[in-house]
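Working notes, beginning with the structure itself.
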Amino acid sequence: KSNNILKYSERAALCSNGLSRRLFTIMEQKKTNLVLSADVTSSKELLQLVDKTGPHVCMVKTHVDILEDFNQDVVDSLTKLAAKHDFLIFEDRKFADIGNTVVHQYSGGLYRISEWADVVNAHAIPGPGVVQGLKKVGAPKGRACLLIAEMSSSGNLATGSYTQDTVKMAEENKDFVIGFICVSKISSNPSFLHMTPGVQLEAGQDSLGQQYLTPSEVIGKRGSDLIIVGRGIYQAQDPANAAKQFQIAGYDAYVTRMAE
Ligand code: 6AU
């Protein structure tokens with residue numbers, strides 16, 4: 001059976017990494033493949049948004065370095081919300097440096113990302129050292145990483161052999177790399193998560209190169225597993241209701257795909 005027709009619970013059972021197993025289990029239980037991209041700049045706004053939309057998501061993605069008022073309380077509150085609503089926390093740090101540098105960027109500085117983020121992502125451009133550096137810090141804490149194998153932005157260079165080589169890098173580090181940021185299904189291994197940004201209820205683009213596809217295109221046609229939605233939710237008049245709409249659209253596309 002390919003990962004297109006396996007249920008989340010069946011895929012959970014195939015995962016050796018505890019975090020991907022947990023994510024598939026949450027997806028099955030909460031009936032959602034929606035990741036909220038909580039790209040707001042005040043911590044109060046962030047926590048309110050996450051509390052309102054929490055019932056509809058399996059994961060919340062942060063850009064902690066865009067917060068104007070970051071402090072330890074923010075991550076403590078976010079962690080409490082993660083327990084309350086049962087979702088994972090993904091810091092979208094996009095590490096892209098040599099192993100020794102990412103060790104410090106991941107564990108130290110102002111944000112101490114490895115202390116609170118379940119999942120982070122990294123570009124493959126530096127080679128396997130970036131994964132080895134992150135793994136050194138994250139693996140003992142039970143963390144995991146996604147590799148950016150494709151991007152949603154127009155004219156991006158993550159295509160062709162770059163994408164294929166990124167998949168290989170993930171396969172060689174399966175204990176720590178649990179999947180990809182991508183815009184299509186790029187691996188048939190059912191334990192890998194495919195997570196796709198650039199999602200709105202209608203296809204289109206923004207003025208700075210972002211390109212949008214619909215949940216049914218991403219999950220149904222392109223065979224991805226999770227939709228990552230930012231402005232489609234937090235810029236809506238009613239973010240909780242918008243999150244619910246994306247939850248339904250994403251989950252319906254998964255159910256339809258399995259029935260085909
Ligand atoms: O829904 P949006 O367009 O408001 O937000 C999309 C989010 C942003 C981007 O930084 C991120 O997804 N993103 C990523 C990630 C998740 O790594 C990769 C990419 O290729 N495109 C993209 O938009 O927080």
Side-chain angles (χ1 to χ4, degrees), residues 23 33-41 45-46 49-50 53 56-67 78 87-97 102 105-106 111 113 117-126 130-131 134 144-160 162-163 166-167 169-170 177-186 192-215 217-219 222 224-237 239 242-243 245-247 249-250:
L23 184 60
N33 50 40
L34 173 62
V35 180
L36 168 70
S37 183
D39 302 333
V40 293
T41 54
E45 224 184 310
L46 171 74
L49 172 70
V50 169
T53 55
H56 306 292
V57 306
C58 56
M59 189 181 252
V60 168
K61 185 178 82 60
T62 53
H63 277 302
V64 80
D65 57 356
I66 70 173
L67 284 175
L78 189 62
F87 60 76
L88 298 186
I89 301 173
F90 165 17
E91 164 56 25
D92 187 0
R93 173 61 179 77
K94 295 189 177 68
F95 294 102
D97 214 322
V102 301
Q105 290 172 324
Y106 186 22
Y111 303 118
I113 294 166
D118 297 300
V119 179
V120 292
N121 54 354
H123 285 291
I125 190 90
V130 65
V131 176
L134 295 172
C145 172
L146 301 159
L147 288 180
I148 301 161
E150 292 179 319
M151 293 194 73
S152 59
S153 44
S154 117
N156 78 80
L157 308 179
T159 60
Y162 182 91
T163 301
T166 304
V167 173
M169 200 185 289
V177 177
I178 59 171
F180 309 99
I181 300 295
C182 54
V183 294
S184 60
K185 189 173 135 194
I186 52 177
F192 279 135
L193 297 153
H194 290 72
M195 307 191 27
T196 301
V199 178
Q200 293 260 25
L201 291 174
E202 275 171 41
Q205 60 276 311
D206 74 4
S207 60
L208 295 172
Q210 175 70 300
Q211 305 177 110
Y212 289 111
L213 300 170
T214 62
E217 167 77 22
V218 167
I219 304 288
R222 295 179 173 228
S224 188
D225 298 310
L226 296 108
I227 50 172
I228 301 175
V229 183
R231 282 165 283 180
I233 293 174
Y234 68 79
Q235 284 185 349
Q237 279 207 338
Q245 298 314 311
F246 279 100
Q247 175 190 10

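Remember, it's 1-based here, ligands and their atoms both numbered in the order they're listed. We're numbering straight along the sequence, starting at 1.
- Regarding atom 7 (C) of ligand 1, its nearest protein heavy-atom neighbour is Ser37 OG, 3.5 Å.
- A donor-acceptor pair is defined here as one N or O able to donate and one able to accept, closer than 3.5 Å; no such pair exists between the side chain of Ser37 and the backbone of Lys61.
- Looking at atom 12 (O) of ligand 1, its nearest protein heavy atom turns out to be Pro197 CB, 3.5 Å.
- Other residues, nucleotides and ligands place no more than 12 heavy atoms under 6.0 Å from the CD1 atom of Ile125.
- Nearest protein heavy-atom contact of atom 10 (O) of ligand 1 is His63 NE2, 3.0 Å.
- Here CG of Leu78 is found 5.5 Å from CZ of Phe87. Values are rounded to the nearest 0.5 Å.
- At the top of the distance list for atom 23 (O) of ligand 1, counting protein heavy atoms only, stands Gln210 NE2, 2.8 Å.
- Contact annotation for Met151 and ligand 1: heavy atoms of both the backbone and the side chain come within less than 4.0 Å of the ligand.
- Polar contact with ligand 1: present for Gly230 (N/O pair, distance under 3.5 Å).
- Residue Glu150 has no nitrogen or oxygen atom sitting less than 3.5 Å from a nitrogen or oxygen atom of ligand 1, judged on distance alone.
- In terms of protein heavy-atom proximity, atom 5 (O) of ligand 1 is closest to Asp39 OD2, 3.9 Å.
- With hydrogens and angles disregarded, no donor-acceptor distance shorter than 3.5 Å links the side chain of His123 to the backbone of Lys94.
- At a heavy-atom distance under 4.0 Å, no atom of Asp206 approaches ligand 1.
- Heavy-atom separations between Ser153 and ligand 1 are all 4.0 Å or longer.
- Between Ile178 atom CD1 and Leu147 atom CG the span is 10.5 Å, to the nearest 0.5 Å.
- The shell of residues lying under 4.0 angstrom from ligand 1, judged by heavy atoms, includes Lys61.
- Within ligand 1, counting atoms from 1 as listed, the ones closer than 4.0 Å to a heavy atom of Arg231 are 1 (O), 2 (P), 3 (O), 4 (O).
- The closest side-chain heavy-atom distance from Val183 to Thr196 is below 4.5 Å.
- Remark: of the listed residues Gln210, Gln205, Gln211, Gln210 is the sole one forming a side-chain hydrogen bond (donor to acceptor under 3.5 Å, both in side chains) with Ser152.
- Each of Val50, Ile228, Val229 was compared with Leu36 under the side-chain contact (heavy atoms from CB on, under 4.5 Å) criterion, and only Val50 meets it.
- What sits closest to atom 11 (C) of ligand 1 on the protein, heavy atoms only, is Asp92 OD2, 3.6 Å.
- Atom 3 (O) of ligand 1 has Tyr212 OH, 2.6 Å as its closest protein atom, hydrogens excluded (heavy atom only).
- Nearest protein neighbour of atom 21 (N) of ligand 1, counting heavy atoms only, is Ser152 OG, 2.7 Å.
- Every atom of ligand 1 is numbered from 1 in the order shown, and the set under 4.0 Å from a heavy atom of Asn121 is 17 (O).
- At a 4.0 Å heavy-atom cut-off, ligand 1 does not touch Gln200 at all.
- The only member of Asp225, Val57, Ile227 that meets side-chain contact (heavy atoms from CB on, under 4.5 Å) when paired with Asn33 is Ile227.
- With rounding to the nearest 0.5 angstrom, the CD1 atom of Ile233 is 10.5 Å from the CG atom of Asp39.
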